[in-house]
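Side-chain atoms are counted along with the backbone in the values below, which use heavy atoms only and exclude waters and symmetry mates.
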Amino acid sequence: MSTTTAAIPPRHQSKVDPNNVNRAVKSLLKWWDSKSKTENSESLENDGFVYLTVTLKRIPQLDRTNPLMIPLPHPLIDLTAEDSPELCLIIDDKHKNKITKEAALKKIEAEKIPITSVIKVSKLKSDLRKLEEEKRFELYFAERRLMAILPKLLGKEFVKKKKNPIAINLRHGNWKEQIEKACESALFFVGIGTCSVVKVAKLSMGRKEIAENVVAAMNEIGESVPGKWKNVKLFHLKLLESLALPVYQSVA
């Protein structure tokens, strides 16, 4: 897994003004510091993310069940941390070419894959409810062929909390590589309209690291959405309860 902390360079000429980003990050952190002095610290720890709001000119025709993976110089999920994150894998135990839970756990242990729980889709509702009560998962992963039926099985509340599972191909041997890539990326789920929101940094990061993540995410999104930069209208930066601060506006 990559451990780089250097900013990821844009693939083409950047349209992002780092000064705008730095000013917005500084303002948000100042607001956060003021808020944290007057409110219960436990309630503040429940989120602690920096969000990038993306407004496009035209609704993109993209797969809305799988996110665009936006590489970040400073990952949101640190797989090397002593207090390792909880990651859950949902497997298909109904298909004739199924991978059994036992086989999945054996591979996870042998290859040191950072998955902490495996759930069979046949017992998803009962097992998931129990696991959600016991622990909070950072991310869910699911066998790719399950993605079409998972929204119905998981329910609207699960999707509303933005806990959509990330599809991985368990028929390929590189489970670890697929999972690490997701953990090192901002997950950009494209909305049904022109506006979408993506987590790009954590408040526990330093101001410089937050700004580097924001700039990297903006550059990558501008090169990845259909129409590229010509389809990007606005970028705003915000915290969960803060005002959204503009960091980019198209002049075209």
Side-chain angles (χ1 to χ4, degrees), residues 1-5 8 45-46 48-49 63 65-155 157-159 161-189 199 201-202 204-205 213:
M1 187 184 75
S2 172
T3 58
T4 181
T5 58
I8 296 173
E45 291 172 359
N46 287 336
F49 289 101
D63 180 3
T65 59
N66 292 315
L68 292 175
M69 292 193 186
I70 310 299
L72 296 174
H74 310 285
L76 300 181
I77 298 175
D78 185 1
L79 296 176
T80 66
E82 187 174 329
D83 184 15
S84 58
E86 300 285 347
L87 305 176
C88 182
L89 173 63
I90 303 169
I91 62 169
D92 182 3
D93 65 325
K94 292 184 175 182
H95 195 274
K96 62 180 180 180
N97 294 324
K98 63 187 179 183
I99 295 175
T100 66
K101 182 174 181 178
E102 292 73 21
L105 289 171
K106 185 176 180 180
K107 181 179 177 69
I108 287 166
E109 182 179 4
E111 299 181 13
K112 301 188 185 316
I113 299 169
I115 290 290
T116 51
S117 296
V118 175
I119 302 178
K120 297 187 289 188
V121 73
S122 62
K123 296 187 176 181
L124 182 59
K125 289 187 177 180
S126 60
D127 286 4
L128 186 60
R129 188 180 300 111
K130 181 180 177 182
L131 284 170
E132 279 284 288
E133 291 173 355
E134 293 175 353
K135 61 186 73 173
R136 181 180 178 181
F137 290 103
E138 292 282 347
L139 277 182
Y140 289 87
F141 296 89
E143 214 166 331
R144 188 178 299 279
R145 62 189 175 199
L146 292 174
M147 297 307 290
I149 65 171
L150 283 179
K152 184 177 180 180
L153 292 174
L154 294 171
E157 283 302 311
F158 196 91
V159 176
K161 292 177 182 177
K162 298 188 182 300
K163 290 190 173 183
N164 314 55
I166 310 302
I168 63 172
N169 189 344
L170 298 186
R171 300 298 152 185
H172 286 184
N174 61 341
W175 295 12
K176 188 174 183 178
E177 181 182 331
Q178 294 180 71
I179 290 165
E180 287 180 348
K181 180 180 178 181
C183 290
E184 293 174 350
S185 302
L187 304 176
F188 180 33
F189 287 94
K199 293 177 183 177
K202 299 175 77 170
S204 57
M205 297 174 178
N213 271 15

Does any non-hydrogen side-chain atom of P73 lie less than 4.5 Å from one of N213? yes
Result for side-chain contact (heavy atoms from CB on, under 4.5 Å) between P85 and one of I77, L76, D78 points to I77
inquiry  = If you define the side chain from C-beta out and look only at heavy atoms, does anything of L139 sit under 4.5 Å from L187?
reply    = yes
Exercise for review: Return yes if some donor-acceptor pair links the side-chain N/O of E143 with the main-chain N/O of L170 below 3.5 Å, else return no.
Suggested key: no
Residues 83-92 vs side chain to side chain donor-acceptor pair (under 3.5 Å), sequence neighbours excluded, gives E86-T116, D92-R145
ask   = Do I113 and L87 come within less than 4.5 Å of each other through their side chains, counting heavy atoms only?
value = no
For F188 and I70 the tightest heavy-atom approach is CB-CG1, 4.1 Å
dist I115:CD1 -> F141:CZ (nearest 0.5 Å) comes out at 5.5 Å
Smallest heavy-atom separation, E111 atom then G173 atom, equals OE1-O, 4.0 Å
Looking only at heavy atoms, the pair that brings A142 and L150 closest together is CB-CD1, 3.4 Å
Check your understanding: Taking side chain as C-beta onward, heavy atoms only, is I99 less than 4.5 Å from K107?
Key -> no
d(L79 CG, K176 NZ) to nearest 0.5 Å is 9.0 Å
Value for CD1 (I179) from CG (L89), rounded to nearest 0.5 Å, stands at 6.5 Å
Across all chains, not counting sequence neighbours, the side-chain contact (heavy atoms from CB on, under 4.5 Å) partners of K120 are I91, D93, K101, S122, K123
Correct closest heavy-atom pair for P75 and M205 would be O-CE, 3.5 Å
task = Count the heavy atoms of every other residue, nucleotide or ligand shown that sit under 6.0 Å from NZ of K181, and state whether that count exceeds 12.
result = no
Exercise for the section: Decide yes or no for L154 and P165: does some side-chain heavy atom of the first lie under 4.5 Å from some side-chain heavy atom of the second? Expected result: yes
